[in-house]
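So you know, we letter chains A, B, ... as the sequences are listed, proteins then strands, and number each from 1.
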Amino acid sequence: MAPANEPLPGTSDLWEPEVTDWVLLEQAARDIFGRYGYGELRTPIFERTDVFVRSIGDDTEVVQKEMYTFEDRGGRSLTLRPEGTAGTMRAIACHGLADGEQLRVFYMGPMFRGERPAAGRRRQFHQVGVEAVGGLEPYQDAEAIAMLVHYLEAIGVSGGRVRLNSRGLPEDRAAVSAAMRQHFAPRAQDMCPDCQRRLDSNVWRILDCKNPACQAAVEGAPKMVDLLGDESRGFFAAVCRGLDQLGVAYELAPRLVRGLDYYVHTVFEVVHSGLGAQDALAGGGRYRIGLPGVKRPLDGVGFAAGMERLLMARESLGLKAAGRPGADVFIVALGDEAIPAGLGLAQALRRTDLGLRVLAGLGGRSLKAQMRAAHREGARWALILGDNELAAGTIVCKTMATSEQETVRRDDLADWLRKAAAAPAAAAPATASTP
RNA sequence: GUGGCUGUAGCUCAGUCGGUUAGAGCGUCUGGCUGUGGCCCAGAAGGUCGGGGGUUCGAGCCCCCUCAGCCACCCCA
């Protein structure tokens, strides 16, 4: 295949029948999130670069090396959104939010990060996410997590594990970092070079390191939750209490940190064993984001799930796309007069209240070839229209599943189809074969 | 950005030690059956062997470069 026709690395074309699965994820999101009072928000796919930098944090991996940033003709720096929260917050700030007002939104769509593609990681990937903004209630966090679990159930993804931790408030961080440094400094010589550097720059991340030596050093590390102030500890306890009430199973993950700067208090993720190395299905937490022109930072809680990964999890569980449904009617037209007549007949049938899916053989191919096409398209009925039938004002109706056929007057065709459609469908509805 | 594996027909893949005209299955088209699908049978179309360079009398096969895909690291969804 000519490279010029291939999609860019980390992007892909999406064909039937996979599209059917995507639609399923989207519809389930609208259904489930709607039950919790969330409404859909669609924000632009690109924003001014600083929208992302200021809320994600310029110190983060995402901002430092993963963003698709470019200049428009006016020389402004724009960026393809690498995640959904920043744009959502910008939109809410623009829209305005009264003191005490709460807003619940969900979104879905493509996100962009300039990473090396791997299993479950693409440069254009898709997330479905939610944000509950304008409140500082621990039970909001619990409900958001419960909603995520509910959604996963709705799309058939079982086997996910909820991992939960708290990063506390910004004012807790100095104490936490100091305690961490105290623990890791004596062990530094055993740790990987990255983590030796992190000792100064980013102690928290050492907790996340997958290097075996570093994990050993992490073993006896103090639990983050124990280092937090009273307010943060109380908040976290309330989140756990809420989850218990909601019947959500979770596990404490003292080492869970997450990569974006805006998180405060609760952080969580859902991991799944069917995904390979990138095992995070969804992640989220509580955040506090300051925006220009807004007096107080916005508090909120949300999560995002990777749609590609949801699909991978479904696949690992044996859930497959059903594919596009077959045609109801295939019109087999024979002869110079009948072919255009078949074109008109197809349109007339599509416009009836029967909601029929109608295809017509338009190319003057042989009867046999058209019958093959009818079969391949999964048609329930083949309607044969030759010059003979045209002259007689009739049409031959063949039921594919039984091979029975009868000659029907054109005037009676709609009634015939209505009756045939009402009759119990033959066996399993056929599925069109996919090109 | 670093590393490993893989690129042969629309798809999934064979291809021996470097040796004549690169194969199979599936799919597509046509015919067997003049106006009747599936199953069966026969035939046909379809290839710059990812691309470029090199070694050789001769390269799908060996060497170098490059592009792409997959996987892993980093990080995350």
Inset, instruction - In whole angstrom, give the distance that lies between atom CG of A:L334 and atom C1' of B:rG37. - result: 14 Å

Inset, instruction - Is it possible for you to check whether A:R409 lies under 6.0 Å from the centre of the six-membered ring of A:W416, through NZ or CZ, and within 45° of that ring's axis? - result: no

Inset, instruction - Determine the sole option in A:R255, A:R258, A:R309 for which the salt bridge (Lys or Arg N to Asp or Glu O under 4.0 Å) test with A:E269 is passed. - result: A:R258

Legend entry - Polar pair under 3.5 Å, donor/acceptor by atom type, side chain A:E6, base B:rG50: no

Legend entry - Whole-Å distance separating the CD1 atom of A:I395 from the C1' atom of B:rU36: 14 Å

Inset, instruction - Report yes or no: do A:R286 and A:Q140 form a side-chain donor-acceptor pair below 3.5 Å? - result: yes

Legend entry - Sugar-phosphate, base or nothing in reach of A:A374, heavy atoms under 4.0 Å: nothing

Inset, instruction - Assess the side chains of A:Q370 and A:S366: does a donor N or O sit below 3.5 Å from an acceptor N or O? - result: no

Inset, instruction - Nearest whole angstrom, please: distance from the P of B:rA77 to the CZ of A:F106. - result: 20 Å

Under 3.5 Å between N/O atoms: give me all the protein pairs with nucleotides 71-73 of chain B, atom names plus distance.
{"from": "B:rC71", "atom 1": "OP2", "to": "A:A119", "atom 2": "N", "distance (Å)": "2.9"}
{"from": "B:rA72", "atom 1": "OP1", "to": "A:A277", "atom 2": "N", "distance (Å)": "3.2"}
{"from": "B:rA72", "atom 1": "OP2", "to": "A:A119", "atom 2": "N", "distance (Å)": "3.4"}
{"from": "B:rC73", "atom 1": "N4", "to": "A:R121", "atom 2": "NH2", "distance (Å)": "3.3"}

Inset, instruction - Using a cut-off of strictly less than 4.0 Å, decide whether A:R309 has a side-chain nitrogen or oxygen near OP1 or OP2 of B:rC76. - result: no

Inset, instruction - With P as the reference atom in both, quote the distance from B:rC62 to B:rC49 in angstrom, rounded to an integer. - result: 16 Å

Legend entry - A:R350 versus A:Q347, side-chain donor and acceptor atoms under 3.5 Å: yes

Inset, instruction - Select base, sugar-phosphate, or nothing to describe what A:Q124 touches, counting heavy atoms under 4.0 Å on all strands. - result: nothing

Inset, instruction - Mark yes or no for a side-chain to base donor-acceptor pair under 3.5 Å between A:R372 and B:rC29, with no hydrogen or angle criteria applied. - result: no

Legend entry - Pairwise P distance for B:rG38 and B:rU21, with rounding to whole Å: 39 Å

Inset, instruction - May I ask you to say what A:L310 touches in the nucleic acid, namely base, sugar-phosphate or nothing, with a heavy-atom cut-off under 4.0 Å? - result: nothing

Legend entry - Distance between P atoms of B:rC26 and B:rC41 (Å, rounded): 9 Å

Legend entry - P spacing across the pair B:rU8 / B:rG15, given as an integer number of angstrom: 13 Å

Inset, instruction - Output the single nucleotide from B:rG37, B:rA68, B:rG35 whose closest atom is nearest the side chain of A:V396. - result: B:rG35

Inset, instruction - Searching all strands shown, indicate the nucleotide that pairs with B:rG38 (Watson-Crick or G-U wobble; both distances under 3.5 Å). - result: none

Legend entry - Note: A:R81-A:E47 ion pair, threshold 4.0 Å (strictly below): no

Inset, instruction - Would you please confirm or rule out a distance under 4.0 Å between OP1 or OP2 of B:rC29 and any side-chain N or O of A:R376? - result: yes

Legend entry - Side-chain heavy atoms of A:T266 within contact of A:F235, under 4.5 Å: yes

Inset, instruction - Could you check whether A:R258 gets within reach of a base, just the sugar-phosphate, or nothing at all, counting any heavy atom under 4.0 Å? - result: sugar-phosphate

Legend entry - Interatomic distance, A:Q370 CD vs B:rU28 P [rounded to whole Å]: 16 Å

Inset, instruction - For residues A:F330 and A:H375, establish whether the separation of their ring centroids is below 6.0 Å. - result: no

Inset, instruction - Tell which nucleotide pairs with B:rG19, taking only Watson-Crick or G-U wobble pairs whose two distances are both under 3.5 angstrom. - result: B:rC57

Legend entry - Watson-Crick or G-U wobble partner of B:rG25, both distances under 3.5 Å: B:rC11

Inset, instruction - Let me know the distance between CD of A:E115 and C1' of B:rC74, rounded to the nearest Å. - result: 9 Å

Inset, instruction - Describe, in one word, how the ring planes of A:Y287 and A:Y262 are oriented to each other, choosing from parallel (under 30°), tilted (30 to 60°) and perpendicular (over 60°). - result: perpendicular

Inset, instruction - Please tell me which of A:L8 and A:V270 maps to the more 5' nucleotide of RNA chain B, matching each residue to the nucleotide holding its nearest heavy atom. - result: A:L8

Inset, instruction - Assign A:A369 to base, sugar-phosphate, or nothing according to its heavy-atom contacts below 4.0 angstrom with the strands shown. - result: sugar-phosphate

Inset, instruction - Could you tell me the separation between the CG atom of A:L367 and the P atom of B:rG38, rounded to a whole number of Å? - result: 12 Å

Inset, instruction - Remember a base hit wins even if backbone is also touched, and classify A:E269 as base, sugar-phosphate or nothing at under 4.0 Å, heavy atoms. - result: nothing

Legend entry - Distance, C1' atom - from B:rG52 to B:rC73, rounded to whole angstrom: 31 Å

Legend entry - B:rC73: pairing nucleotide in any strand, Watson-Crick or G-U under 3.5 angstrom: B:rG1

Inset, instruction - Grab the CG-P distance between A:L281 and B:rC76 for me, whole Å please. - result: 17 Å

Legend entry - Distance, P atom - from B:rC29 to B:rA22, rounded to whole angstrom: 27 Å

Legend entry - Residue A:N388, side-chain atoms from C-beta onward, closest of B:rG37, B:rG35, B:rC74: B:rG35

Inset, instruction - Name the orientation class of the two ring planes belonging to A:F70 and A:F46 (parallel below 30°, tilted from 30 to 60°, perpendicular beyond 60°). - result: tilted

Legend entry - B:rU6: pairing nucleotide in any strand, Watson-Crick or G-U under 3.5 angstrom: B:rA68

Legend entry - First encountered from the 5' end of RNA chain B, between A:V62 and A:S366: A:S366

Legend entry - Rounded distance (Å) that lies between atom C1' of B:rU36 and atom CE of A:M400: 9 Å

Inset, instruction - Output the single nucleotide from B:rA77, B:rG38, B:rG32 whose closest atom is nearest the side chain of A:H375. - result: B:rG38

Legend entry - Pair A:T407-A:T394, side-chain hydrogen bond (donor to acceptor under 3.5 Å, both in side chains): steps then yes or no: CA-CA 7 Å; A:T407 303; A:T394 61; 5.8 Å; no

Inset, instruction - Pick base, sugar-phosphate or nothing for A:Q405, based on heavy-atom distances below 4.0 Å to the nucleic acid. - result: base

Legend entry - B:rG10 and B:rU66, which share atom name C1', separated by this distance in whole Å: 26 Å

Legend entry - Donor-acceptor pair (no angle test) under 3.5 Å: A:K368 side chain, B:rU36 base: no

Inset, instruction - Determine the interatomic distance between P on B:rG4 and the same-named atom on B:rC76; round to the nearest Å. - result: 26 Å

